[in-house]
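Note on naming: letters A, B, ... go to the chains in the order of the sequence lines (proteins, then strands), and numbering restarts at 1 for each one. For the numbers below, each heavy atom of this structure counts, side chains included, while hydrogens, waters and symmetry mates do not.
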2 protein chains.
Amino acid sequence: MTGLRERKKQQTHDALSEAAIALFLARGFDEVSVTDIAEAANVSKPTLFKYFPTKQDLVLHRIADHRHESARVVAAAAVPPVRALREHFLAGLVARDPITGLNDHPQVLAYYRLVFTTPALATRLHQFMDDDERALAAALGGDLAGELLAAQVVSVQRVLSRRNWAVVDAGQPADDRYLDAVTEAETAFDGLPLG
Amino acid sequence: MTGLRERKKQQTHDALSEAAIALFLARGFDEVSVTDIAEAANVSKPTLFKYFPTKQDLVLHRIADHRHESARVVAAAAVPPVRALREHFLAGLVARDPITGLNDHPQVLAYYRLVFTTPALATRLHQFMDDDERALAAALGGDLAGELLAAQVVSVQRVLSRRNWAVVDAGQPADDRYLDAVTEAETAFDGLPLG
DNA sequence: ACAAAAGATTAACTCGGTCAATCTTTTGCC
DNA sequence: GGCAAAAGATTGACCGAGTTAATCTTTTGT
């Protein structure tokens, strides 16, 4: 029950992820091979792929952990979906949740810079957002309106967080950006139907 | 000037694309190697990759040829952007343009079934739509409103054409689907700002 | 006809990802 | 507490996509 095995598994998982991100940040995603990472974490290559299905997931598993968050928010909400999602995003801004882009910790910025400027990572990130969209569409009912709304919500989240990240990464403190971020988020969500 | 060389190039290009699609349709995208395709077209593997940068592009170059179409429509239009895009999509429905999903030719259906049910192809298709979105955002002005509108237009196009394809692929003739397709398109575009 | 350039070919290579077989560890049972 | 069996981890060998450099063929302008 305690899981000595689980602890070792967790250790290996973390060792791989940390070694990978450190190497990627230092030398760039494409300049580091999975063999390098496996060596750095003292495991073999097949073992690495048992922990992370793709090289990209060594970086993105942190974000992937938030999978289907929008769908869950809608399912758990007592208010209309768009309103719940809007409030959830605004709460993320207040909390400086990295997923909103409004976080200026150097490590977080470097992490997102890696993700956004590496095509392979940006592509896989988009796949995750697609999953999110599908789950959200299902939570909103599988009809045309639900599909459209899901697609547009995900688009809004993506555009807003990318903009916030760009501004903060350019040097503006998150606290300075906050008010504009709120205004932009409200504008964007107001443009959605059933707002 | 006549370009005997160009003709041969075109020939090789078409031979590769047609061999690839025929093999993919017969055996599935993942069950055919690029070596198989190169052999079928009587060229070497590096030559294949000089014509098509990736295996996926052997299939998707047809769609990729329509790149930045939305941006071009907006740039060339004399009416407001959303209106121009709406009319362009409706004209596509009338013309049974495969990109709208409203085309029931067996070859077209099989082609899109291949694209939509093969993860690697769907992913690369999404990359193309991302390019489209960026170009459209630029054509609409690089500001927040432009970025949001571009993202939502691309989402609408994607959702509409996927729905049309799904219905037609399930067996409904394109002509029977037409009226619903128009209604859904109008509904979707009406939900966009500045409609 | 010929020189120069453009393109194709070959072989060898890198890298991401998978598989089958082997070995280690945990756990359920006596 | 020890032990068999199953679950899981490890390894080396392997496959396919895509690249590179050197060589060879073909087209084209003169």
Side-chain angles (χ1 to χ4, degrees), chain A residues 1-17 19-21 23-24 26-61 64 114-115 118-125 127, chain B residues 1-17 19-21 23-24 26-61 64 114-115 118-125 127:
Chain A
M1 192 59 114
T2 90
L4 179 146
R5 192 172 225 157
E6 310 245 326
R7 247 177 299 148
K8 281 191 88 170
K9 227 179 145 176
Q10 186 67 34
Q11 263 184 326
T12 304
H13 179 98
D14 294 352
L16 279 168
S17 172
I21 291 180
L23 287 170
F24 291 154
R27 291 161 35 197
F29 185 78
D30 296 318
E31 267 56 56
V32 179
S33 73
V34 292
T35 306
D36 294 338
I37 298 161
E39 273 178 22
N42 286 316
V43 297
S44 66
K45 194 164 58 139
T47 298
L48 182 152
F49 282 110
K50 281 188 76 175
Y51 283 87
F52 298 94
T54 70
K55 184 185 180 185
Q56 288 93 309
D57 289 328
L58 284 159
V59 177
L60 294 177
H61 69 98
L114 176 69
V115 170
T118 303
L121 292 174
T123 294
R124 185 119 175 97
L125 181 59
Q127 287 178 13
Chain B
M1 191 57 114
T2 92
L4 179 147
R5 191 170 228 156
E6 310 245 327
R7 247 177 300 147
K8 279 190 90 171
K9 232 180 143 176
Q10 186 67 34
Q11 263 183 327
T12 305
H13 179 98
D14 294 353
L16 280 168
S17 171
I21 292 181
L23 286 170
F24 290 154
R27 290 161 37 197
F29 184 79
D30 295 317
E31 266 57 55
V32 179
S33 73
V34 292
T35 306
D36 294 337
I37 298 161
E39 273 178 21
N42 287 314
V43 298
S44 67
K45 194 165 57 139
T47 298
L48 182 153
F49 283 110
K50 281 186 77 173
Y51 283 87
F52 298 93
T54 70
K55 185 184 179 185
Q56 288 93 309
D57 289 329
L58 284 160
V59 176
L60 294 176
H61 68 98
L114 176 69
V115 170
T118 304
L121 293 174
T123 295
R124 186 122 177 95
L125 181 59
Q127 287 178 14

Rounded distance in Å - CZ (F49(A)) to C1' (dG12(D)): 15 Å
Atom-pair distance (CD on E39(B); P on dT9(C)), nearest Å: 13 Å
For atom NZ of K55(A) and atom C1' of dG18(D), their distance in whole Å: 14 Å
Any donor-acceptor pair under 3.5 Å from T47(B) side chain to V43(B) backbone: no
Sugar-phosphate, base or nothing in reach of S33(A), heavy atoms under 4.0 Å: sugar-phosphate
Side chain of S44(A) - closest among dG8(D), dG17(C), dT11(D): dT11(D)
Parallel, tilted or perpendicular, as decided by the 30° and 60° cut-offs, for the rings of F24(B) and F29(B): tilted
Value in whole Å for how far the C1' atom of dA17(D) lies from CD of Q56(B): 9 Å
Value in whole Å for how far the P atom of dT18(C) lies from CZ of F52(A): 15 Å
Heavy-atom donor-acceptor pair, K55(B) side chain to V32(B) backbone, under 3.5 Å: yes
Separation of dT14(C) P from D30(A) CG (nearest whole Å): 17 Å
Sugar-phosphate only, base, or nothing, as touched by Y51(B) at under 4.0 Å among non-hydrogen atoms: sugar-phosphate
Side chain K45(A) and base dG17(C) donor-acceptor under 3.5 Å: yes
Heavy-atom donor-acceptor pair, D36(A) side chain to S33(A) backbone, under 3.5 Å: yes
Length of the NZ-P vector between K50(B) and dA21(D), whole Å: 14 Å
Sugar-phosphate, base or nothing in reach of T54(B), heavy atoms under 4.0 Å: sugar-phosphate
Per P46(A) side chain, nearest of listed nucleotides dG17(C), dC19(C), dA17(D): dC19(C)
Interatomic distance, D36(B) CG vs dG16(D) P [rounded to whole Å]: 8 Å
Stepwise side-chain hydrogen bond (donor to acceptor under 3.5 Å, both in side chains) test for S17(A) and D14(A): CA-CA 5 Å; S17(A) 172; D14(A) 294 352; over 6 Å; no
